[in-house]
Amino acid sequence: MSWEAVYRWVQQIPRGRVVTYGQLARALRLRGGARTAGRALAACPRGRGIPWQRVVGAEGKLLLREPLAQLQRRLLEAEGVHFAGDRVDLTRHRWRPDRARRRRRSRGAVL
DNA sequence: CATCTGACGACCG
DNA sequence: GCGGTCGCCAGAT
């Protein structure tokens, strides 16, 4: 399986926002679930500007091993992501892909 | 071919 | 909240 679709999806995550491995897996219907999402990121090619640091565990924990976790935390904090202890504050930073992005604009949104 | 090993997460005691 | 189990699956040994 090629991870290209995963990388393209991750590319869309805005600065300062994060998603979880499970979220990513469900969004792309990855066969192996969240773990497969993790594998894809582990194989993430460097130098292509893929914001890999914006993918975290289901409860906001950073699941990488040192020293990578430390780098991830630093990168996230640098873009304004707030941590509560060792977790990203998901209620504040979780990104949910907007359907309007994938489909065409829905007019007259109820607001 | 057998096993082990992950950048997971739901579930249970 | 914490630790153990289990399903998942591609690569490495």
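Quick note on labels: first sequence line is chain A, next is B, and so on, each numbered from 1.
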For this session: List the steps and the verdict of side-chain hydrogen bond (donor to acceptor under 3.5 Å, both in side chains) for A:Q11 and A:R48.
Result: CA-CA 10 Å; A:Q11 284 273 355; A:R48 227 203 292 176; over 6 Å; no
Problem set entry | A:Q23-A:R96 side chain donor-acceptor pair, cut-off 3.5 Å |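 Result is no, nothing qualifies.
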Exercise. Does the distance from a Lys or Arg side-chain N to an Asp or Glu carboxylate O, for A:R17 and A:E79, drop under 4.0 Å?
Worked result: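 Result for this pair is no, no salt bridge flagged.
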Exercise. Looking for any heavy atom pair under 4.0 Å, which part of the strands does A:L64 touch: base, sugar-phosphate only, or nothing?
Worked result: base
Show every donor-acceptor pair shorter than 3.5 Å between a side-chain atom in residues 29-42 of chain A and any protein atom, with sequence neighbours excluded, or say none if there are none.
unit_1 : atom_1 : unit_2 : atom_2 : d
A:T36  : OG1    : A:G32  : N      : 3.3

Exercise. Do side-chain atoms of A:E4 reach the backbone of A:R8 as a donor and acceptor pair under 3.5 angstrom?
Worked result: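 Checked: no pair found.
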For this session: May I ask you to decide if A:K61's main-chain N or O and A:R87's side chain share a donor-acceptor pair within less than 3.5 Å?
Result: no
Exercise. From the 5' end of DNA chain B to its 3' end, which nucleotides mark the outer limits of contact with chain A, defined by a 4.0 Å heavy-atom distance cut-off (strictly under)?
Worked result: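 Reading along DNA chain B, I get B:dG6 to B:dG9.
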Problem set entry | Single-linkage hydrophobic cluster, 4.5 Å side-chain cutoff, A:V56 and A:V81 together | yes
Exercise. Going only through I, L, V, M, F, W and Y residues with side-chain contacts under 4.5 Å, is there a path from A:V10 to A:L71?
Worked result: yes
Problem set entry | Per-nucleotide protein contact string for nucleotides 7-13 of chain C (B base, S sugar-phosphate only, - none; heavy atom under 4.0 Å) | BBBS---
